[in-house]
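In what follows, a single structure is set out as structure tokens and then discussed.
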Amino acid sequence: MSAQGSAEGIVVAIDGPSGSGKSSTAKGVAAARDLWYLDTGAMYRAVTWWMLRNGVDTTDPAAVAAAAAHPVITMGTDPAAPTVQVDGRDVAREIRTPEVTTHVSAVSAVPEVRERLVALQRDIIARGRRQAGGIVVEGRDITTVVAPDAPVKLYLTASAEARADRRSREVSADAAATRADLLRRDRLDSSRATSPLTRTEDAIELETTGLSLDEVIAVVVKLTDEAAAGTGSSAAV
């Protein structure tokens with residue numbers, strides 16, 4: 001069933017810190033309702049990868065800003081096989097390296113980078129609404145900046161231990177080191193001046209620590225169906 005929130009389709013906006021289950025949940029919901037999927041975090045990673053590959057000092061905001069318009073980012077929106085390309089090159093694996101992870105928060109904090117990628121994200125959202133009946137978008141500023149009028153707005157969270165365990169299993173890393181890095185990124189992403197990670201008052205907070213992925217997906221699918229039918233609820237979950 002394709003969820004139709006309006007003549008142009010529905011938008012499901014999901015924010016939250018790393019390891020809260022955003023990506024897996026967003027892909028699962030998009031697949032369940034035959035919608036497009038967009039991982040905005042991958043876009044910031046793609047720009048970061050390009051900066052590192054081209055010798056841009058990612059600790060210098062002015063240098064990052066000057067180069068922000070150069071990389072051509074192309075996102076595939078199939079939830080079963082999302083793709084990320086930079087200048088025509090598939091970088092889906094390369095953007096997940098520890099080096100990119102270390103530098104992505106600094107690059108993401110540069111206003112020129114965010115301005116360019118937010119414009120691209122909004123264009124993809126508009127096309128998803130027109131062409132696919134809707135789109136599920138996940139990141140850190142979707143409910144606050146990218147799609148503040150989305151009919152479904154969620155903030156996923158989980159304990160630091162749960163998030164570290166999930167992420168360390170994904171990347172085969174030490175859980176303690178992963179936890180420290182997640183907390184570091186939380187601080188940077190929540191304190192940056194431009195589009196910080198935060199929960200809006202009208203976003204439903206979903207604590208995922210004690211829930212299975214299927215359970216989380218089921219909750220979000222239900223909210224999506226309610227919103228598509230015009231009966232969305234803002235009740236806490």
Side-chain angles (χ1 to χ4, degrees), residues 1-16 22-50 68-92 94-96 104 107-108 111-156 194-195 197 200 202-203 217 220-221 223-230 232:
M1 182 185 87
S2 181
Q4 299 290 332
S6 69
E8 289 190 329
I10 196 167
V11 179
V12 180
I14 303 177
D15 285 330
K22 298 189 308 294
S23 295
S24 298
T25 299
K27 285 187 282 190
V29 173
R33 288 299 177 260
D34 196 24
L35 305 174
W36 279 13
Y37 161 74
L38 179 61
D39 176 2
T40 64
M43 299 172 75
Y44 289 100
R45 285 178 169 274
V47 172
T48 302
W49 175 85
W50 186 94
H70 295 311
V72 177
I73 311 298
T74 306
M75 304 297 294
T77 56
D78 179 354
T83 59
V84 188
Q85 292 188 341
V86 178
D87 299 335
R89 172 175 173 167
D90 181 355
V91 296
E94 293 166 286
I95 65 173
R96 303 295 175 182
V104 66
V107 172
S108 300
E112 288 80 1
V113 172
R114 301 202 75 84
E115 181 179 358
R116 181 175 178 226
L117 292 188
V118 167
L120 179 56
Q121 291 156 15
R122 287 174 174 165
D123 178 67
I124 295 170
I125 290 170
R127 288 191 285 114
R129 294 182 69 192
R130 292 194 305 268
Q131 299 175 27
I135 185 168
V136 184
V137 189
E138 53 114 337
R140 285 170 172 73
D141 64 345
I142 312 306
T143 63
T144 56
V145 175
V146 179
D149 296 327
V152 181
K153 298 170 69 172
L154 291 150
Y155 187 90
L156 266 60
T194 303
S195 304
L197 169 64
T200 62
D202 60 343
I217 291 173
V220 182
V221 166
L223 293 169
T224 300
D225 289 346
E226 290 175 345

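A quick note: this is a predicted structure, and the numbers were derived from the prediction, not measured.
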Problem set entry | Sidechain-backbone polar pair: R116 side chain, A68 backbone, donor-acceptor under 3.5 Å | yes

Exercise. Has the side chain of R114 got a donor or acceptor atom that lies under 3.5 Å from a matching backbone atom of S108?
Worked result: yes

Please report, to 0.1 Å, the donor-acceptor pairs under 3.5 Å made by any side chain of residues 145-154, with sequence neighbours excluded.
{"from": "K153", "atom 1": "NZ", "to": "T143", "atom 2": "O", "distance (Å)": "3.4"}
{"from": "K153", "atom 1": "NZ", "to": "P148", "atom 2": "O", "distance (Å)": "2.9"}
{"from": "K153", "atom 1": "NZ", "to": "D202", "atom 2": "OD1", "distance (Å)": "3.0"}
{"from": "K153", "atom 1": "NZ", "to": "D202", "atom 2": "OD2", "distance (Å)": "2.9"}

Problem set entry | Any L156 side-chain heavy atom under 4.5 Å of D15 side chain | no

Exercise. Got a second to check how far D90's CG is from T83's OG1, nearest 0.5 Å?
Worked result: 7.0 Å

Exercise. Nearest heavy-atom pair of V86 and P71: which atoms, and what distance?
Worked result: CG1-CB, 4.2 Å

Exercise. Under 4.5 Å between any side-chain heavy atoms of I124 and M75, yes or no?
Worked result: yes

Exercise. Looking only at heavy atoms, which two atoms of I14 and I142 are closest? And how far apart?
Worked result: O-CG1, 4.0 Å

For this session: To the nearest 0.5 angstrom, please state how far the CG atom of D225 sits from the CZ atom of R33.
Result: 4.0 Å

Problem set entry | Between CG on residue L120 and CG on residue D123, distance to nearest 0.5 Å | 6.5 Å

Can you give me every donor-acceptor pair (side chain of residues 35-43, partner residue at least two apart or in another chain, under 3.5 Å) with its distance?
{"from": "Y37", "atom 1": "OH", "to": "E138", "atom 2": "OE2", "distance (Å)": "2.7"}
{"from": "D39", "atom 1": "OD1", "to": "G41", "atom 2": "N", "distance (Å)": "3.1"}
{"from": "D39", "atom 1": "OD1", "to": "A42", "atom 2": "N", "distance (Å)": "3.2"}
{"from": "D39", "atom 1": "OD2", "to": "R96", "atom 2": "NH2", "distance (Å)": "3.0"}
{"from": "T40", "atom 1": "OG1", "to": "E138", "atom 2": "O", "distance (Å)": "2.8"}

For this session: Determine, step by step, whether V136 and V220 satisfy the side chain to side chain contact (heavy atoms under 4.5 Å, CB included) criterion, reporting the C-alpha distance in whole Å, the side-chain angles of both residues, the deciding distance to 0.1 Å, and the verdict.
Result: CA-CA 10 Å; V136 184; V220 182; over 6 Å; no

For this session: Mind listing the closest non-hydrogen atom pair of P82 and K27 along with its distance?
Result: CG-CD, 4.2 Å

Seminar exercise, completed: Sequence neighbours excluded, the answer for side-chain hydrogen bond (donor to acceptor under 3.5 Å, both in side chains) partners of D87 is W50

Problem set entry | Results of side-chain hydrogen bond (donor to acceptor under 3.5 Å, both in side chains) for R122 - residues two or more places apart only | none

For this session: Give the intermediate values and the outcome of side chain to side chain contact (heavy atoms under 4.5 Å, CB included) for residues V104 and V107.
Result: CA-CA 5 Å; V104 66; V107 172; 5.6 Å; no

Exercise. Under the side chain to side chain contact (heavy atoms under 4.5 Å, CB included) test, which residues partner T74, sequence neighbours left out?
Worked result: V72, Q85

